[in-house]
Amino acid sequence: MDLVEILPGRLHMLRFPIGQAYLWQDADGSLTLVDAGHAGRAADLEGALRSLGHDPERLERIVLTHCHRDHVGAAEELAARRGTQVVAHRLDAPVIRGERPVPEPVLSAWEVPLYRHGLTVPEAPPTRVDREVEDGDVLPFGGGAVVVHAPGHTPGSIGLHLPEHGVLFTGDCVAAVQRVMLGVFNTDGAQALASFRRLAALEPAVACFGHGDPLTANTAAALLAAAAAEPVLP
């Protein structure tokens, strides 16, 4: 796992072989993890926190942007170790808890081998969800993190917007693999594109994606241009 500083003293990316998580630190030292990487990597995540000078006991919440295994993976083990709150959207929460199957994406032919590769990530165990959120809910970190329902990748996909800091976490609705683009493996492509355009309209200064390097310069313009350039999907 690689550690990448995005905002000094505030925000780091924790990159796994497939996908990534983000660590946010508030001024009082409390910590929030956005997504949780792969199953079996809880100890590695705690080690990463310690390497940054953080006490894992200060991890107050894990916010899951959606129900896929490369985002949920270590959440249950971390939460059990630390009593950490797990947060997810109401529509993906039953999948995360193992009560419903993961929704199947509608794949283009070129996505099939990529999707099979993604399934090499260990399956996430059933994971508790302590708080189910809706569009517009505000979480107590980052000066008020606004939940933005961004369906299409999965029904309960969310973005997180920190207006005070100009930071946006897009989950897998948006990716930055070679270029800024609509995320892949969507259950509803047209809905995902509408979500991409809604997120881009927030015009953040920093965008953190589920896959690909964060944007920290000319971010709003890049997101708006990429969203406008995506073809209208059926």
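Predicted model only: the values in this text are computed from it and were never measured.
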Please examine the side chains of Thr127 and Val72, heavy atoms only from C-beta on, and report whether any two atoms are closer than 4.5 Å. yes

Between Thr187 and Gly152 (side chain of the first, backbone of the second, donor and acceptor by atom type, cut-off under 3.5 Å), is there such a pair? yes

Verdict with reasoning, Val147 to Val138, per side chain to side chain contact (heavy atoms under 4.5 Å, CB included): CA-CA 6 Å; Val147 174; Val138 180; over 6 Å; no

Val34 and Val133: same hydrophobic cluster, using ILVMFWY side-chain contacts below 4.5 Å? yes

So which heavy atom on Pro231 is nearest to which on Leu193, and how close? O-CD2, 3.1 Å

Please check if Leu215 and Leu182 belong to a single hydrophobic cluster, counting links between Ile, Leu, Val, Met, Phe, Trp and Tyr side chain heavy atoms closer than 4.5 Å. yes

Using a 3.5 Å distance criterion without hydrogens, assess whether the side chain of Asp55 forms a donor-acceptor pair with backbone atoms of Glu57. yes

All heavy atoms of Trp110 vs all of Val184, minimum pair found to be CH2-CG1, 3.4 Å

Listing request: all salt bridge (charged side-chain N to carboxylate O under 4.0 Å, His left out) pairs with a residue in residues 207-223, at least two apart in sequence or in separate chains. Arg15-Asp213

Would you sort out whether Val87 and Asp130 count as a side chain to side chain contact (heavy atoms under 4.5 Å, CB included), showing the intermediate values? CA-CA 6 Å; Val87 180; Asp130 303 298; over 6 Å; no

Got a donor-acceptor contact below 3.5 angstrom from the Arg116 side chain to the Glu111 backbone? no

Are Val102 and Val129 connected in a single hydrophobic cluster, I mean Ile/Leu/Val/Met/Phe/Trp/Tyr linked by side-chain heavy atoms less than 4.5 Å apart? no

Is it the case that the side chain of Asp188 and the backbone of Gln191 share a donor-acceptor pair, with hydrogens and angles ignored and the cut-off at 3.5 Å? yes

May I ask you to decide if Ile18's main-chain N or O and Asp70's side chain share a donor-acceptor pair within less than 3.5 Å? no

Exactly one candidate in Ile6, Val4, Thr170 meets side-chain contact (heavy atoms from CB on, under 4.5 Å) with Pro214; the answer is Ile6

Does any part of the side chain of Leu64, heavy atoms only, come nearer than 4.5 Å to the side chain of Asp35, both counted from C-beta? yes

List the atom of Ala205, the atom of Thr219, and the distance in Å for their closest heavy-atom pair. O-OG1, 2.8 Å

Are the side chain of Arg69 and the backbone of Val121 linked by a donor-acceptor contact shorter than 3.5 Å? yes

Could you pull out the closest heavy-atom pair between Gly143 and His165, with the gap in Å? N-NE2, 4.5 Å

Answer yes or no: is there a side-chain heavy-atom contact under 4.5 Å between Cys67 and Ile96? yes

I want to know whether Trp24 and His12 have ring centres closer than 6.0 Å. no

Any chance you could measure Asp44, atom CG, to Leu14, atom CG, to the nearest 0.5 Å? 10.0 Å

Does some side-chain heavy atom of Leu3 sit less than 4.5 Å from a side-chain heavy atom of Ser51? yes

Determine whether a donor-acceptor pair (N or O, by modelled atom type, separation under 3.5 Å) exists between the side chain of Arg197 and the backbone of Ala227. yes

Can you get from Phe169 to Ile62 by hopping between Ile, Leu, Val, Met, Phe, Trp and Tyr side chains that sit under 4.5 Å apart? no

Got a donor-acceptor contact below 3.5 angstrom from the His54 side chain to the Pro56 backbone? no

Would you say Ser195 and Ser157 make side-chain contact, with heavy atoms under 4.5 Å? no

Shortest non-hydrogen contact from Ala145 to Leu162? CB-CD1, 3.6 Å

Let me confirm one number: the NE2-CE distance from His38 to Met1, rounded to the nearest 0.5 Å. 10.0 Å

Looking at CG of Leu33 and OH of Tyr22, how far apart are the two atoms once the value is rounded to the nearest 0.5 Å? 11.5 Å

Quickly, which of Asp137, Leu199, Ile158, Leu160 forms a side-chain contact (heavy atoms from CB on, under 4.5 Å) with Val148? Name it, please. Leu199

Give a yes-or-no answer on whether the side chains of Ser30 and Arg58 include a donor-acceptor pair shorter than 3.5 Å. no

Give a yes or no on whether Leu11 and Leu23 share a hydrophobic cluster (residues Ile, Leu, Val, Met, Phe, Trp, Tyr; joining criterion: side-chain heavy atoms under 4.5 Å apart). no

Side chains of Asp172 and His211, heavy atoms from C-beta outward: is any pair under 4.5 Å? yes

Is the count of non-hydrogen atoms from other residues, nucleotides or ligands lying under 6.0 Å from Asp2 atom CG greater than 12? yes

Name all residues meeting the ring pair (Phe, Tyr, Trp, His ring centres under 6.0 Å) criterion together with His66; count only those two or more places apart in sequence or in a different chain, and write none if there are none. His68, His71, His153

Is the closest side-chain heavy-atom distance between Met13 and Gln20 below 4.5 Å? yes

Identify the heavy atoms of Pro17 and Arg41 that sit nearest to each other, and give their distance. CD-NH1, 4.2 Å

With rounding to the nearest 0.5 Å, note down the distance linking OG1 in Thr32 to CG in Leu139. 8.0 Å

Distance in Å, Arg90 CZ paired with Glu134 CD, rounded so as to fall on 0.5 Å steps: 4.0 Å

Restricting to pairs with a member in residues 93-103, which pass side-chain hydrogen bond (donor to acceptor under 3.5 Å, both in side chains), not counting sequence neighbours? Arg97-Glu99, Arg97-Glu132

For Glu5, does the CD atom sit with more than 12 other heavy atoms under 6.0 Å from it, leaving out its own atoms? yes

Within the side chain of Glu76, is there an N or O that forms a donor-acceptor pair under 3.5 Å with the backbone of Pro125? no

To the nearest 0.5 Å, how far apart are CG in Leu114 and CG in Leu119? 11.0 Å

Report yes if the side chains of Glu60 and Arg82 come closer than 4.5 Å at any heavy-atom pair, otherwise no. no

